[in-house]
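Just so it is clear, the structure is predicted and the values come from calculations on it, not from any experiment. Throughout, residue positions are numbered sequentially from 1 according to the sequence presented. What's counted below: heavy atoms across the whole structure, side chains too, no hydrogens, waters or symmetry copies.
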Amino acid sequence: MVPDDEGGGLMRADLLTDAVDGLDEALAAVDGFDEVLVAGLLRPQPAQADGLFALADAVAGSPLASRVAEAAEKAAAGAAGEDHFIALAAARTALLGSVHDALTVRMEEAVGRPRAEEDADGAGSPGDGDEQAAHLHVAAREWLCNLARAGWRGIDHELVAGAAPVVSAMLPDPALRRLATLLDGFAAELAASCPGATLERVPVRRWADLWSRALLLTVPGAAHAPATAEVSGRLLPLGVDLQEHATAVQAQVHAVFEPADGGASRLVRASVSAPKPDTVVGAGLWQLLRPRMSLLAAVSEGRAMELDAMPVTAEGDLIWDDARARTGEPVEIFTTARVALPTAAAFATAPLDRHPARIAVPVLVEGYDVEEEDGAVAFRIAGQRLPVDTGRIPAAGPLTPEVVASSGACIGLLRWDAGEFLLQPLAVERRAGRRTVAVHAGAWAGGTTDKAGVRAEKAATDAVKVLRERAGKLLRK
């Protein structure tokens, strides 16, 4: 809840707990199809046919109806071809897209955010690419269709290894790199789980997500580069979402952009990624990212950025270029959240990116009571309970679950997971004696004098130094 006299409006927290019409039915159809992929479609069983026909029924009123109905019949008979698998993947993606849109509308209603306008030119100009790319798309489709026939319980090393030559041939081509990276990561997950028959637990939703997305990206024109424009104006950071994996790290800065021409403010993101060794963790991660983006230092110092002709995609992702940005005046992110955030509209989401897992809406909440039970934290807002996802708080900053539990105001990303809305904290305000202080998850992004942060930075520096020395010795040999 944000008081009106501080520039915000009242959060309708009750809308976040009310049922969304059709949501459960759409997800049930998706879950039914995902279970079909567990056993595979080489020799379908009656239960699998039920899942296929339920998917077809769920899109019966859409332009996909006839194609998906035919695909379901062929797949249930064990006679599905590539076009049929593509139709089934498209139906699944469309259903999850409808879930994404319904949840996004509900969030916008709850926070009183302006609706994003669809960009008619945002999709860019699809093209089939050259003959080599067309052949590689066919090869990727064949591998993905063979996966669907075998099912997750039927995968083995020989089947999974079929992706390797396709990925190797795709990687040199920038236009195919997006699909190649997805296939490479997917194949690595499958290889680590072989043989599928011995798996104790199958990540059903995740593998179905990766399979359907990869299959649709093999369709000519689906993986084209997003349309871009150039923008100039002031960038007001809200917070940093740090995402860490075993071999890579990414920092995504969420911000409000105020155009220099006086146009409407927009919500934007700027991301930077880097490969990482598994010995670099915690605050040391920032050392890998800082040299690649000056914005991280501005976030850490509490400053705005002035942008000059910075490229931005039709989805609101800034293609960051340090040469087109300079550090601006000091700004306080909670002032930005109270004054600028309520009127900033989001960009529309591209069709293939419409998925519930992708939802991350910046919001400000305050005036809440904190509830703690068995290590879980939740905010009680206007009588409604909003769970706080403390598991997403990175170890690379001073923000901790304990700090969140002692807060009185929070800037976070509103997400949806496992059937409910969650808040991922990016920064909080809390009392420290007679003062109110802000604690940011990205406070150490540009460097820190915090004792814990300094120790972690030193450990990371030593680890990177050792790795570089070892790499240098290997290269000299």
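Residues Val36 and Asp50 fail the side-chain proximity criterion, which asks for heavy atoms closer than 4.5 Å. Residues Val166 and Trp143 form no side-chain contact, since every pair of their non-hydrogen atoms from C-beta on lies 4.5 Å or further apart. Residues Leu147 and Phe186 meet the side-chain proximity criterion, which asks for heavy atoms closer than 4.5 Å. Residues Leu242 and Gln252 fail the side-chain proximity criterion, which asks for heavy atoms closer than 4.5 Å.
Ser193 places a side-chain N or O within 3.5 Å of a backbone atom of Glu189 that can act as its donor or acceptor partner. For the pair Arg113 (side chain) and Pro362 (backbone), a donor-acceptor distance under 3.5 Å is present.
Closest approach of Leu52 and Ala72 over heavy atoms only: O-CB, 3.7 Å. Taking each heavy atom of Leu318 and Val268 in turn, the nearest pair found is CD1-CG2, 4.0 Å. Across all non-hydrogen atoms, the minimal contact from Arg354 to Asp101 is NE-OD1, 3.0 Å. In terms of heavy-atom proximity, Trp286 sits nearest to Ala445 at CD2-CA, 3.4 Å. Of all the heavy atoms in Ala274 and Arg292, the pair that sits closest is CB-NE, 3.5 Å. Shown here for Thr400 and Ile393, the closest heavy-atom pair between the two residues is C-CD1, 4.1 Å.
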Next item on the list: Apply side chain to side chain contact (heavy atoms under 4.5 Å, CB included) to the pair Arg430 and Val404, showing each step before the final yes or no.
Entry: CA-CA 8 Å; Arg430 64 191 296 232; Val404 172; over 6 Å; no

Margin query: Run the side chain to side chain contact (heavy atoms under 4.5 Å, CB included) test on Arg290 and Val272 for me, step by step, so that the C-alpha distance in whole Å, both residues' side-chain angles and the decisive distance to 0.1 Å come before the verdict.
Written below: CA-CA 9 Å; Arg290 277 183 210 130; Val272 57; over 6 Å; no

Next item on the list: Run the numbers on Glu109 and Leu16 for side chain to side chain contact (heavy atoms under 4.5 Å, CB included), then give the verdict.
Entry: CA-CA 9 Å; Glu109 292 173 349; Leu16 300 180; over 6 Å; no

Notebook entry, point to check: Hey, mind stepping through Phe421 and Leu103 against side chain to side chain contact (heavy atoms under 4.5 Å, CB included) and telling me if it holds?
Noted result: CA-CA 9 Å; Phe421 288 102; Leu103 292 171; 3.7 Å; yes

Next item on the list: Could you check Arg358 against Asp209 for salt bridge (charged side-chain N to carboxylate O under 4.0 Å, His left out), going step by step and ending with a plain yes or no?
Entry: CA-CA 12 Å; Arg358 195 180 185 277; Asp209 279 343; over 6 Å; no

Notebook entry, point to check: Do Glu315 and Arg269 pass the salt bridge (charged side-chain N to carboxylate O under 4.0 Å, His left out) test, and can you show the C-alpha distance, the side-chain angles, and the key distance before you say yes or no?
Noted result: CA-CA 9 Å; Glu315 293 191 82; Arg269 300 172 297 268; 5.3 Å; no

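Considering CD1 of Ile359 and CG of Leu422, their distance stands at 11.5 Å, rounded to 0.5 Å. For the atom pair CH2 (Trp152) and CG (Leu190), the distance works out to 6.0 Å, reported to the nearest 0.5 Å. Separation of atoms NE2 (His100) and OG1 (Thr349) is listed at 4.0 Å; rounding is to 0.5 Å. Once rounded to the nearest 0.5 Å, the distance linking CG of Leu364 with CG of Leu426 reads 11.5 Å. To the nearest 0.5 angstrom, Gln45 atom CD is 6.0 Å from Gln48 atom CD. Thr218 contributes atom OG1, which lies 5.0 Å from atom CD1 of Ile86 (distance to the nearest 0.5 angstrom).
Checked for salt-bridge contact, Asp184 and Arg178 miss the test: no charged N lies under 4.0 Å from a carboxylate O. Between Asp389 and Arg392, at least one side-chain nitrogen of the basic residue sits less than 4.0 Å from a carboxylate oxygen of the acidic one, meeting the salt-bridge criterion. Between Arg380 and Glu371 there is a salt bridge, since a side-chain N of the basic residue sits under 4.0 Å from a carboxylate O of the acidic one.
Shown here is Arg177, whose CZ atom has more than 12 heavy atoms of other residues, nucleotides or ligands within 6.0 Å. More than 12 heavy atoms of other residues, nucleotides or ligands lie within 6.0 Å of NZ in Lys276, so this atom counts as buried by the packing criterion. The environment of CG in Asp83 is sparse: at most 12 heavy-atom neighbours from other residues, nucleotides or ligands sit within 6.0 Å. No more than 12 heavy-atom neighbours from other residues, nucleotides or ligands sit within 6.0 angstrom of CZ on Arg67.
Of the options Asp417, Leu96, Thr104, a side-chain contact (heavy atoms from CB on, under 4.5 Å) to Pro356 is made by Leu96 and by none of the others.
Side chains of Ser212 and Arg92: a donor on one and an acceptor on the other come within 3.5 Å. Using a 3.5 Å distance cut-off with no hydrogens or angles, the side chains of His254 and Asp241 do not pair a donor with an acceptor.
Using cut-offs of 30° and 60° for the angle between ring planes, the Trp211 and Phe33 rings count as tilted.
At least one cation-pi condition fails for Arg141 and Phe85: the charged atom is not both under 6.0 angstrom from the six-membered ring centre and inside a 45 degree cone around its axis.
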